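Okay, so here's the structure we're looking at.
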Amino acid sequence: MAKIIVDDVEVEVPAEYTLLQACEAAGAEIPRFCFHERLSIAGNCRMCLVEVKGGPPKPTASCAMNVRDLRPGPNGEPPVISTRSPMVKKAREGVMEFLLINHPLDCPICDQGGECDLQDQAMAYGVDTSRYAENKRAVENKHIGPLVRTSMNRCIHCTRCIRFVTEVAGVPDLGAIGRGEDMEITTYLEQAMGSELQGNVIDLCPVGALTSKPYQFKARPWELLKTESVDVMDALGSAIRVDARGREVMRVLPRVNETINEEWISDKTRFIWDGLKTQRLDRPYVRENGRLRPASWQEALATVAAKVKATAPNRIGAIVGDLAAVEESFALKSLLSRLGSVSIDGRPDGSTLDPILGRAAYVFNSTIAGVHEADAILLIGTNPRREAAVLNARIRERWRGGNLKVGVIGEPVDLTYTHEYLGAGPETLAAIADGSHSFADVLKGAQKPLVIIGQGPLSRADGLAVLSLAARAALAVGAVKDGWNGFSVLHTAAARVGSLDLGLVPGEGGLTAVEQAAGGVDVLFLLGADEIKVADGPFVVYIGTHGDQGAHRADVILPGAAYTEKSGIYVNTEGRAQIGNRAVFPPGEAREDWAIVRALSDLVGHKLPFDNLAQLRQSLFVSHPHLARIDAVEPADPAAIERLAALGGNTDRAGFASPVIDFYLTNPIARASAVMAECSALALGVTRQAAE
Amino acid sequence: MSVRRLAPKEIQPEGFAFTPENTAWAERIIAKYPEGRQASAVISLLWKAQEQGDGWVSEPAIRTIAELLKMPYIRVLEVATFYTMFNLHPVGRYFIQFCGTTPCRLRGAQAIQDVLEERVGHQGHVTDDGLFSWLEVECLGACCNAPMVQINDDYYEDLTPDNFNKLLDDLAAGRPVKPGPQNGRVASEPEEAIHTLLDPSLYDGSMVGAWRKRFEEEEARAKAEAEAKARAEKERAARDAASPDPAKPATTRAGEQAAESPAARVADGKEPIKPEQKQAASPATAPEADARKADGKGPNDKAKE
């Protein structure tokens with residue numbers, strides 16, 4: 001710790017702090033453009049200049065100098081920083097004037113207007129006139145992909161975007177060509193960027209040079225209603241802010257959540273919002289003579305109720321899809337148990353995870369932030385870059401910190417960090433478990449080994465055996481011990497852990513999702529389940545949001561609310577319960593899903609005992625108290641992993657494959673999004689080109 | 001400077017590969033750098049690619065180098081566009097880098113530029129016969145022979161429109177040309193009458209070891225002076241003894257100070273610093289110093305007492 005005086009305030013800060021951090025610790029505000037907490041230090045915008053006694057006799061870039069580099073005074077006085085002296089004021093005004101020489105005065109037509117660092121800081125630290133009458137520099141616009149719009153006249157060369165894609169995303173597409181005034185940010189020959197985190201450069205850009213292409217000229221930040229929520233595009237539950245105007249979601253931005261997404265979100269999370277407006281089910285439909293026709297709620301619900309009443313309880317089933325919130329799953333489960341059916345399944349992918357094994361057998365036990373502590377990682381049948389892009393950035397960040405060995409069993413993939421490809425399937429995993437593989441020694445030698453198993457291997461017929469084998473491997477390498485549980489299951493569906501927590505698996509004599517879809521039941525409720533093909537036969541009631549696979553097969557469609565249109569609890573892959581909030585109302589006659597189930601229950605004569613969401617949550621929290629502890633991770637009992645390892649079973653020889661084949665099209669909302677379709681086509685094109 | 005872009009697709013070659021000799025050369029260069037730092041070879045390789053590629057760096061060359069060094073393409077492009085020494089467009093067989101910085105300008109570079117514009121065309125333009133193209137560059141460091149140009153690897157200096165035209169004619173006709181000054185001057189010696197370094201003794205060998213003579217002379221002079229001074233001292237002492245009046249301060253203050261210096265005291269067999277001075281200089285070692293201060297008397301007061 002070192003003492004330092006900032007504007008007459010003496011503070012004690014770690015010696016490795018930069019002056020900028022020390023100033024912030026002392027409560028002084030330092031303007032900056034190029035500096036960003038999560039990126040390397042460039043020191044090229046010069047906006048953070050401060051005056052330092054005990055340092056060089058000139059304004060010092062506070063982002064690029066450490067507290068330990070300052071000398072004490074002649075009698076050992078602590079170094080003195082001044083952030084409000086005349087020298088600093090003049091320096092900031094000078095820097096601002098230089099930055100504005102070439103920056104166009106197009107704020108009225110710039111999408112960044114209202115949330116622009118340059119605008120704000122010019123107001124706060126600049127002068128109100130310019131001494132420059134020369135022409136401004138004109139820069140050709142660059143094409144860098146379908147998501148990020150460029151307006152390169154506005155670029156102030158802070159290089160945050162370059163540092164982000166190189167360091168965090170690990171796909172070094174962006175660079176700065178030319179020099180001096182002619183420096184330009186571009187991709188190689190203006191190819192599209194290849195990262196699935198590229199949207200974050202829009203947030204990072206302190207000016208309007210990189211803005212969101214789908215959002216361009218759509219809205220101004222001050223018109224938007226901001227709602228804090230959680231993302232459902234993958235199982236991480238990234239913290240997001242949904243910006244809406246009227247009934248329309250205009251954009252999705254990340255929120256800072258250090259335990260999950262830091263401040264990044266994937267492109268799917270960010271650009272999904274146009275899918276919330278297209279292909280929407282905004283009124284009930286009933287199939288008549290093979291064709292779906294619009295119907296009233298009364299008619300649709302009555303049709304379903306009549307069908308349910310006429311069916312034997314054991315011939316009624318329900319499948320809960322990937323985006324369902326805990327509330328509606330709970331309501332549907334309550335309804336089915338009241339009807340006397342035990343055929344309910346929250347695993348439409350055919351996963352073999354089962355809550356009976358114990359919670360530790362199906363959650364990401366190490367926690368996402370725990371990746372930072374791991375010093376050896378084994379990825380089994382998972383491609384985190386596609387299944388959880390933000391988690392992959394987290395692993396990459398850990399890898400950049402050094403001393404991390406990563407082994408991969410499954411498909412050979414580009415993870416953006418160096419890893420050892422161990423093998424394709426269960427045999428390699430078995431070799432790790434019995435210690436005959438060399439990577440087993442790496443894991444054993446690690447202080448905190450982390451074993452991550454994806455959903456690909458678990459949805460196979462031998463899934464349970466593979467899971468058991470993975471648990472055996474984790475135990476064999478010492479991944480489960482006091483203070484560290486390195487056995488982690490990475491989910492791909494936002495609803496999955498919540499469903500498993502609720503016990504949405506078939507009871508005694510019940511049918512699994514796959515069996516139900518194959519025609520094992522007569523009435524089948526699909527709660528947003530679009531990733532499973534239902535055979536001819538069952539009467540299908542689809543409760544969901546989009547005209548996707550489930551709705552096409554449905555006999556009755558009951559339109560529900562998407563994740564931005566309802567308040568709901570989602571449990572992420574770590575087992576962390578989080579609440580998503582309503583930003584807009586569902587379109588047309590669509591209703592919140594739990595209310596649909598509740599209305600139906602009345603008609604079938606088994607009225608559910610809650611009339612509003614609060615009552616529903618109350619009964620939910622009584623039966624599942626851990627869901628009430630919002631934002632907290634309930635550590636699971638590691639004994640479950642030992643039981644799991646003891647299960648054993650025979651494994652197939654086939655190699656593992658990731659369940660996410662197309663990152664951009666994993667759910668009905670994404671499939672309805674034109675932006676995602678464009679990204680998907682582009683990504684496929686690149687893959688095809690690479691294959692040729 | 002202006003925005004530098006890659007040449008348009010139509011004139012880019014199909015591909016690029018280093019010749020076997022250059023590949024071997026590149027391997028040697030890359031091996032110079034420690035493991036993990038191979039990208040450091042990028043400038044050398046770009047330079048070689050330019051040499052091999054008729055004086056300019058093509059887009060396939062950039063990709064080839066990036067693959068060779070395992071760098072992203074954009075990183076090599078950044079370097080190639082940063083340095084103006086890498087030509088991104090085709091150049092003439094004789095690529096003229098014309099110095100347009102102040103000393104050359106003052107010595108008539110404008111006339112040379114006019115010749116270039118008339119004979120070759122605007123900057124970056126390659127003549128139809130493919131022989132010439134030119135580029136204005138910053139100072140090439142031959143200001144004493146201004147104005148000058150660099151054609152491929154050689155400097156051509158002391159240009160006038162006439163001799164420059166002749167130089168271009170000779171190059172175009174394939175006649176041999178002489179690099180260096182074009183006006184008959186030798187290297188950067190004075191152009192007209194020579195005013196310096198004319199002393200023949202500089203060249204007849206008599207100056208060899210001359211530097212030593214000066215020191216010997218100075219030594220002898222110092223010795224003589226010291227003797228004279230010693231003699232004067234002696235005489236004065238004799239005079240003082242003869243007349244006991246208080247002596248006036250010495251006229252040579254320098255001599256007096258020398259006599260007071262610690263070195264002189266040591267030479268006389270005394271302590272280098274007088275004890276009272278020593279105490280005054282460091283009060284910590286003088287316990288009575290504080291007491292003295294307390295009575296309002298400094299060390300000098302004591303001396304007065």
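Here the structure is a predicted model, which means the values were calculated and not measured. In the text below, chain A, chain B and the rest are named by the order of the sequence lines, each starting its count at 1.
- Contacts of A:N403 classified as side-chain hydrogen bond (donor to acceptor under 3.5 Å, both in side chains), with partners at least two apart in sequence or in another chain: none.
- With a threshold of 4.5 angstrom between heavy atoms, A:E181 does not approach chain B through any atom at all.
- Annotation for B:R93: atom CZ does not count as buried by contact number, only 12 or fewer foreign heavy atoms lying within 6.0 Å.
- Here the CD1-CZ distance, from A:I177 to B:R4, works out to 10.0 Å after rounding to the nearest 0.5 Å.
- For B:Y83, the OH atom is loosely surrounded, since the number of other residues' heavy atoms within 6.0 Å does not exceed 12.
- When the candidates A:L174, A:T187, A:V139 are compared by the number of heavy-atom contacts under 4.5 Å with chain B, A:L174 comes out ahead.
- Dense packing is recorded around OH of B:Y33, with more than 12 heavy atoms of other residues, nucleotides or ligands lying under 6.0 Å away.
- When side chains are defined from C-beta on, B:R75 counts as touching A:T166, because their heavy atoms get closer than 4.5 Å.
- Using modelled atom types, one finds no donor on one side chain facing an acceptor on the other under 3.5 Å when comparing B:E78 with A:Y188.
- Annotation: B:D129, atom CG; neighbour count of heavy atoms from other residues, nucleotides and ligands within 6.0 Å is above 12.
- Rounding to the nearest 0.5 Å gives a distance of 8.0 Å between OG1 of A:T186 and CG of B:L77.
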Problem set entry | Working for side chain to side chain contact (heavy atoms under 4.5 Å, CB included), residues B:I74 and A:I162 | CA-CA 11 Å; B:I74 183 77; A:I162 301 178; over 6 Å; no
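- A:R179 approaches B:T84 most closely through the heavy-atom pair NH1-N, 4.4 Å.
- With a 6.0 Å radius and a threshold of 12 heavy atoms from other residues, nucleotides or ligands, B:I11 has its CD1 atom above the threshold.
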